[in-house]
Amino acid sequence: MIDIKNLRDNIDATSVALLRRGYKLDSEKFKSLDSKRKALQVNVETLQSTRKKLSEEFGKLKASGSDTTSLKEKIDTINSDLKKENELLNSLLESINEYLLDIPNIPDQSTPDGSNENDNVLIRKVGEILSTNTVDHTDLTKKIDTDLASKLAGSRFAVLKGSLAKLQRALISFMLDIAHKNGYEEYYLPYMANKDSLIGTGNLPKFEEDLFKTSENLYLIPTAEVPLTNIYRDILINEDELPIKLTSHTPCFRSEAGSYGRDTKGLIRQHQFEKIELFKISNPSSSMTELDGLLENAEEILKSLELPYQVVQLCAGDIGFSSCKTFDIEVWMPSQNKYREISSCSNFSDFQARRSNIKIKSKDGKQFAHTINGSGLAVGRTLIALLENRYDGTNLIKLPKVLEPYFGSLDLEI
RNA sequence: GGAGAGUUGGCUGAGUGGUCGAAAGCGCCUCCCUGCUAAGGAGGUAACUGGGUAACUGGUUCGAGGGUUCGAAUCCCUCACUCUCCGCCA
């Protein structure tokens with residue numbers, strides 16, 4: 001949610017900034033709604049004030065045993081006016097709120113111009129591409145079984161068998177340990193979240209179709225970002241507790257509505273996948289530095305897994321709804337001959353904090369916090385990258401050294 | 001699933017129709033005292049929001065939503081959540 005005061009005061013600048021990400025702000029609609037609101041609100045509040053005074057008088061008259069009929073008539077008139085005006089005001093406020101909830105975050109100045117992913121900016125390439133493998137991960141091994149998964153659940157699910165199931169578990173532990181080493185506190189969280197939580201992170205009301213909803217009116221979490229952020233919903237944080245750094249491994253559930261036909265093969269795009277999330281709450285003044293740090297923490301995992309990757313900064317037209325600045329980390333996928341997203345690290349500035357009411361208390365007063373998060377990493381895609389990049393051409397995957405304590409061996413038979 | 005209790009400021013917690021945005025304590029801020037620290041003393045301290053250049057001034061909020069009433073933290077109804085006991089259960 002963007003700041004309504006800022007919108008009122010700087011509507012033209014806001015409109016220009018939002019246009020960078022392809023959002024056309026209807027300024028005239030806002031101006032008209034807001035000026036109507038202003039007039040109505042003043043009117044309603046004046047009526048309320050008058051009624052308050054008259055009611056007090058009424059009480060005194062009643063206490064002294066005097067006649068109250070004429071005063072009551074006056075109050076009744078005010079009350080009936082008030083009722084009408086209030087209904088108008090409420091529906092207007094509702095419209096304004098809907099209008100605001102629909103507006104995405106304002107891109108940071110450092111977010112480059114551009115309209116889609118083709119305009120994203122390459123920041124760096126890390127690691128050498130050594131693999132000459134062209135075989136897709138699903139063709140490499142029988143231990144990823146999507147046919148079985150579709151019998152159990154349907155399309156876009158996978159069953160991992162034996163050593164691959166174990167490798168996934170090893171990766172999860174490995175990533176959590178790195179996060180812990182870097183100062184993130186590990187959390188185990190609910191895999192379902194209520195409506196308020198999803199509104200807080202910006203997934204609702206606009207993106208309900210992307211979510212799985214249960215019969216109990218709970219939603220399956222699309223990412224641990226949702227419960228992690230909402231830990232601090234309606235909380236006033238003391239400045240000296242910052243930055244807060246949390247991590248969690250959870251499965252993530254996404255309906256993938258609208259992605260028919262894309263990435264239908266293999267583990268790339270699933271309704272359910274495992275992810276380690278890195279999450280921070282920081283002071284507004286240091287959130288960009290914290291984003292850089294978080295990105296570095298995510299990159300460290302790929303480096304120690306010896307996987308080639310690149311970092312890309314998303315352009316204004318490609319950043320997510322709640323984000324003001326995003327870096328994607330993309331790992332090399334030999335069979336596709338291209339880099340694929342394995343982590344997305346974003347600064348949400350105060351956009352989520354305003355929706356979730358997360359504030360910082362300092363000497364200078366209170367202000368909305370900044371939230372930052374990113375994957376560290378998407379486990380399924382990491383697994384694929386290891387298979388495809390480290391396939392030796394026979395029936396073995398040579399795992400990187402760092403995984404030995406977790407997997408128990410450096411040879412993975414496929 | 002059954003029975004009961006509860007939800008009030010940054011926190012704990014009093015408050016059964018107007019004098020309550022709300023006692024008290026904790027915390028926090030300012031000042032005093034003490035060579036430093038600890039302790040002590042005085043005062044201040046809810047949030048959100050409207051109007052106004054400002055001084056200032058209005059409104060809303062006691063889990064949410066309705067209702068009763070001239071007037072609701074307080075009475076009534078519905079819902080959500082939390083806790084306790086019983087049952088069932090990993």
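Every chain is numbered from 1 and lettered A, B, ... according to where its sequence line falls, protein lines coming before strand lines. Values in this document were obtained by computation on a predicted structure and should not be read as measured data.
Comparing the same atom, C1', in B/U84 and in B/C33 gives a spacing of 50 Å after rounding to whole Å. Using atom P as the reference point in both B/G27 and B/C75, the two lie 33 Å apart (nearest Å). Rounded to a whole angstrom, the distance from the P atom of B/G2 to that of B/G50 is 46 Å. Taking the C1' atom of each, B/U61 and B/G9 are spaced 11 Å apart, rounded to whole Å. Going from the C1' atom of B/C11 to that of B/U57 covers 32 Å, rounded to whole Å. B/C26 and B/G13: their C1' atoms are spaced 11 Å apart (whole Å). To the nearest whole angstrom, the two P atoms, one in B/G44 and one in B/U49, are 26 Å apart. Rounded to a whole angstrom, the distance from the C1' atom of B/U7 to that of B/G15 is 15 Å.
Residue A/Lys359 has its side chain nearest to B/C48 when only B/G71, B/U49, B/C48 are considered. Here B/G71 is the nucleotide among B/G59, B/G71, B/G50 with the atom lying nearest to any side-chain atom of A/Arg51. Distances were taken from every side-chain heavy atom of A/Asn79 (C-beta onward) to each of B/G71, B/G51, B/U60; the shortest belongs to B/G71. Looking at the side chain of A/Glu45, the nearest of the listed nucleotides B/U49, B/G18, B/G58 is B/G58. Closest to the A/Arg8 side chain, of the nucleotides B/G50, B/U60, B/G58, is B/G50.
Going from atom CG of A/Asn238 over to atom P of B/G27 covers 14 Å, rounded to whole Å. To the nearest angstrom, P of B/C48 lies 12 Å from CD of A/Gln367. Distance, A/Lys361 NZ to B/A47 P: 9 Å, rounded to whole Å. Following rounding to the nearest Å, A/Asp3 (CG) and B/U49 (C1') show an atom-to-atom distance of 13 Å. For A/Lys62 and B/U19, the NZ to C1' distance is 19 Å, given to the nearest whole Å. In this structure, CG of A/Asn217 is placed 13 Å from C1' of B/C79, rounded to the nearest angstrom. Rounded to whole Å, atom C1' of B/A47 lies 12 Å from atom CG of A/Asp234. Rounded to an integer number of Å, the gap from A/Lys60 NZ to B/U19 C1' is 10 Å.
With A/Gln270 contributing its side chain and A/Gly266 its backbone, the two residues share a donor-acceptor pair below 3.5 Å. A donor-acceptor pair under 3.5 Å is formed between the side chain of A/Lys143 and the backbone N or O of A/Glu413.
Within the 4.0 Å cut-off from OP1 or OP2 of B/C70, not a single side-chain nitrogen or oxygen of A/Thr68 is found. The shortest distance between the side-chain N/O atoms of A/Arg37 and the OP1/OP2 oxygens of B/G51 is below 4.0 Å.
Relative orientation of the A/Phe212 and A/His271 rings is perpendicular, given thresholds of 30° and 60° on the angle between their planes.
Across all strands shown, B/G58 pairs with B/U49; the Watson-Crick or G-U wobble distances both stay below 3.5 Å. In a base pair of the Watson-Crick type (N1 to N3 plus N6-O4 or O6-N4) or a G-U wobble (N1-O2 and O6-N3), with each distance short of 3.5 Å, B/C75 is matched with B/G67. For B/C83, the paired base is B/G4 (Watson-Crick or G-U wobble, both distances below 3.5 Å). When both pairing distances are held under 3.5 Å, B/A38 makes no Watson-Crick or G-U pair with any nucleotide shown. When Watson-Crick and G-U wobble pairs are counted only if both distances are under 3.5 Å, B/C26 pairs with B/G10.
Annotation: of the two residues near RNA chain B, A/Gly59 and A/Thr50, the 5′-most nearest-nucleotide partner is A/Gly59. Nearer to the 5' terminus of RNA chain B, by closest-nucleotide assignment, is the contact made by A/Glu56 (compared with the other of A/Glu56 and A/Lys5).
When heavy atoms are screened at a 4.0 angstrom cut-off, A/Lys195 is found touching no nucleic acid atom at all. Residue A/Lys366 is in sugar-phosphate contact alone, with no base atom involved, counting any heavy-atom pair closer than 4.0 Å across all strands shown. The residue A/Lys38 sits close only to the backbone: its heavy atoms come under 4.0 Å of sugar-phosphate atoms, none of a base.
Using a 4.0 Å cut-off between a side-chain N of Lys or Arg and a carboxylate O of Asp or Glu, A/Arg340 and A/Asp263 qualify as a salt bridge.
Residues A/Arg156 and A/Thr264 form a side-chain contact, since some pair of their non-hydrogen atoms from C-beta on lies under 4.5 Å apart.
A cation-pi arrangement is not found for A/Lys245 relative to A/Phe279, the charged atom failing to lie both closer than 6.0 Å to the ring centre and inside a 45° cone about the ring normal.
A donor-acceptor contact closer than 3.5 angstrom is absent between the side chains of A/Tyr309 and A/Glu330.
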